[in-house]
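A short write-up of the structure that comes next.
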Amino acid sequence: MDFQTFNEKTKDFLAFLEIEKNVSPNTLRAYQSDLAQLAEFWKKILDQEKSPEKTQEKKEERKEEYELDRILRRYTVSLFYKKLSKQSLARKLSCLRSFQRFLESIGIMLTLNFKSPRLDKKLPSTLSVDEIFYLLDSIKDTDLPTKYPARDKAIFELLYATGVRCSELVAIKLIDININDRVIKVLGKGRKERLVLFGTKAAQALTYYIGQERQKMLRYQDNPALFLNCQGEKLTTRSVQRIFEMFRKLLKIDRKLTPHKIRHSFATHLLNEGTDLRIIQELLGHKTIATTEIYTHVSNQQLAKMCDEKHPLNKFDHTIFDGEK
């Protein structure tokens with residue numbers, strides 16, 4: 001495959017991902033960026049070989065080196081020399097594997113075998129229940145350095161109540177919410193729909209925001225999005241990140257606070273309270289239970305307490321001793 005054909009097949013692959021596979025916009029952008037970097041790498045090699053002193057014979061000898069197989073081998077070696085993080089390297093290699101499978105499905109065979117590096121399993125960082133309650137309940141709206149305290153608190157409440165991703169949160173439309181039943185329809189990864197639940201406290205925060213601040217944001221236009229900016233437009237993920245940076249500065253201890261950290265906290269706190277892992281998997285929208293199992297980092301003390309409260313033998317012992325008295 002030459003460079004021109006590669007560019008054509010890249011466009012076909014990205015269209016396939018968007019239309020057939022329904023990948024998320026973030027995944028599509030990442031794959032587009034990865035393949036653009038590969039194209040740039042290939043183009044640099046071609047430009048270096050375009051020197052007038054090269055004879056036609058030498059060009060023919062080098063023709064094989066411009067085939068996709070060889071370019072991919074050189075490119076993957078260059079990635080290892082860039083000292084990328086294991087996560088970034090694994091993501092780029094995953095993109096190349098997906099591209100390879102797509103090419104094979106249309107009859108273009110490659111002889112490569114991409115092996116991703118073994119990733120270190122990092123335990124998710126979370127906030128404590130007390131820290132979250134402090135930010136949501138102890139700090140008054142008037143103490144928040146924002147023009148829209150009701151909106152910002154409603155965002156915090158909803159993220160912690162549902163565990164949705166930041167991209168899922170900003171995509172929520174007003175018609176997706178059932179306040180009475182406290183249910184929201186969410187469009188997750190792969191554009192798969194799921195229902196998430198929220199409690200009374202989040203419902204109150206949402207109702208107040210919708211009835212007060214959201215009406216003022218609409219101004220001269222209508223917008224179906226739940227969370228809006230001052231122009232009446234849909235809030236972006238970057239804006240939500242800035243909102244949590246504001247909340248971070250209000251913590252008594254200086255520590256990182258992001259929307260995804262609230263998602264981690266949601267899952268961890270539910271697990272600590274004894275919620276079944278399969279239920280947490282459904283609420284988070286994880287494809288496999290293995291992804292959710294990272295939240296099983298419950299402390300020994302919490303495990304001992306849970307075992308003491310829930311194990312039937314412990315209850316049996318108490319019954320015997322109570323009877324002896």
Side-chain angles (χ1 to χ4, degrees), residues 26 124-179 182-188 196-269 283-284:
N26 287 341
S125 175
T126 65
L127 260 64
S128 69
V129 175
D130 289 341
E131 285 174 318
I132 288 179
F133 281 6
Y134 168 74
L135 291 173
L136 290 176
D137 299 336
S138 298
I139 298 176
K140 298 178 181 178
D141 288 359
T142 53
D143 294 333
L144 289 175
T146 173
K147 293 180 179 179
Y148 305 106
R151 180 200 64 185
D152 296 353
K153 275 202 169 182
I155 286 172
F156 199 144
E157 288 276 9
L158 197 61
L159 274 177
Y160 182 58
T162 62
V164 296
R165 301 176 180 91
C166 187
S167 58
E168 295 170 344
L169 177 92
V170 297
I172 295 173
K173 298 182 177 67
L174 207 57
I175 59 172
D176 296 331
I177 306 172
N178 187 322
I179 292 286
R182 299 201 293 275
V183 174
I184 301 177
K185 182 175 69 176
V186 171
L187 194 64
V196 295
L197 312 174
F198 58 95
T200 306
K201 198 163 176 290
Q204 291 172 346
L206 276 176
T207 302
Y208 183 73
Y209 156 68
I210 292 170
Q212 299 295 319
E213 292 181 354
R214 190 178 182 279
Q215 290 298 321
K216 298 174 184 176
M217 293 174 181
L218 286 172
R219 295 188 178 183
Y220 308 111
Q221 61 176 335
D222 193 17
N223 195 310
L226 171 62
F227 292 111
L228 307 175
N229 60 21
C230 60
Q231 303 298 323
E233 300 167 345
K234 186 180 81 170
L235 208 63
T236 64
T237 55
R238 186 69 192 96
S239 295
V240 176
Q241 290 165 357
R242 281 193 286 265
I243 288 169
F244 277 90
E245 176 61 20
M246 172 195 72
F247 278 111
R248 183 195 67 79
K249 294 176 181 178
L250 298 171
L251 283 170
K252 294 181 179 179
I253 300 174
D254 186 19
R255 56 186 307 190
K256 190 176 179 181
L257 177 58
T258 64
H260 210 67
K261 195 167 189 174
I262 301 303
R263 177 173 163 87
H264 289 326
S265 302
F266 161 83
T268 304
H269 296 169
L283 292 174
L284 292 176

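Only this structure's heavy atoms are used, side chains among them; waters, hydrogens and symmetry mates stay out. None of these values were measured; they are calculated from a predicted model.
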In short, Ala225 meets Lys234 closest at the heavy-atom pair CB-CG, 3.6 Å
The residue among Leu169, Ile172, Ile243 that forms side chain to side chain contact (heavy atoms under 4.5 Å, CB included) with Phe227 is Leu169
Asp143 meets the side chain to side chain donor-acceptor pair (under 3.5 Å) criterion, sequence neighbours left out, with none
Separation between CD1 (Ile262) and CG (Leu257), nearest 0.5 Å, reads 5.0 Å
Between Arg182 and Ala203, the two heavy atoms sitting closest are CD-CB, 3.9 Å
Sorted by chain and residue number, the side chain to side chain contact (heavy atoms under 4.5 Å, CB included) partners of Ser239 (sequence neighbours excluded) come out as Leu235, Thr236, Arg242
What one should report as the nearest heavy-atom pair of Ala154 and Ala205 is CB-O, 3.8 Å
Residue set satisfying side chain to side chain donor-acceptor pair (under 3.5 Å) with Asn229, at least two apart, ordered chain then number -> none
For Lys261, the side chain to side chain donor-acceptor pair (under 3.5 Å) test, sequence neighbours excluded, returns Ser125
Residues at least two apart in sequence or cross-chain that pass ring-ring contact (aromatic ring centres under 6.0 Å, His included) with Phe156, listed by chain then number, are Phe244, Phe247
For residues 153-163, the salt bridge (Lys or Arg N to Asp or Glu O under 4.0 Å) pairs (sequence neighbours left out) are Asp141-Lys153, Glu157-Lys201
Across all chains, not counting sequence neighbours, the side chain to side chain contact (heavy atoms under 4.5 Å, CB included) partners of Val196 are Thr162, Val164, Ile184, Val186, Arg194
Side chain to side chain contact (heavy atoms under 4.5 Å, CB included), that's the test. Do Arg263 and Arg165 meet it? Break it down for me. CA-CA 7 Å; Arg263 177 173 163 87; Arg165 301 176 180 91; 3.4 Å; yes
Here the gap from Ile177 atom CD1 to Leu206 atom CG, rounded to the nearest 0.5 Å, amounts to 5.5 Å
By ring-ring contact (aromatic ring centres under 6.0 Å, His included), His269 pairs with (sequence neighbours left out) Tyr160
When rounded to the nearest 0.5 Å, the distance separating CG of Leu144 from NZ of Lys249 is 13.0 Å
By side chain to side chain donor-acceptor pair (under 3.5 Å), Arg255 pairs with (sequence neighbours left out) Glu131
If you draw a 6.0 Å radius around OH in Tyr134, do more than 12 non-hydrogen atoms from other residues or ligands fall strictly inside? yes
In short, Cys166 meets Pro259 closest at the heavy-atom pair CB-CB, 3.9 Å
Interatomic distance, CG@Leu127 vs NZ@Lys256, rounded to 0.5 Å, equals 12.5 Å
So OG1 of Thr146 and CG of Asp152: to nearest 0.5 Å the spacing works out to 4.0 Å
Hits for ring-ring contact (aromatic ring centres under 6.0 Å, His included) against Phe266, two or more places apart or cross-chain, chain-then-number order -> none
Without swapping roles, check the side chain of Arg214 against the backbone of Leu228 for a donor-acceptor pair under 3.5 Å.
no
query = Would you say the side chain of Pro149 lies within less than 4.5 Å of the side chain of Lys140, judging by non-hydrogen atoms?
reply = no
Residue set satisfying side chain to side chain contact (heavy atoms under 4.5 Å, CB included) with Ala171, at least two apart, ordered chain then number -> none
Taken to the nearest 0.5 Å, the spacing of Leu197 CG from Leu283 CG works out to 6.0 Å
Those residues at least two apart in sequence (or on a different chain) that pass side chain to side chain contact (heavy atoms under 4.5 Å, CB included) with Lys185 are Asp176, Glu193, Leu195
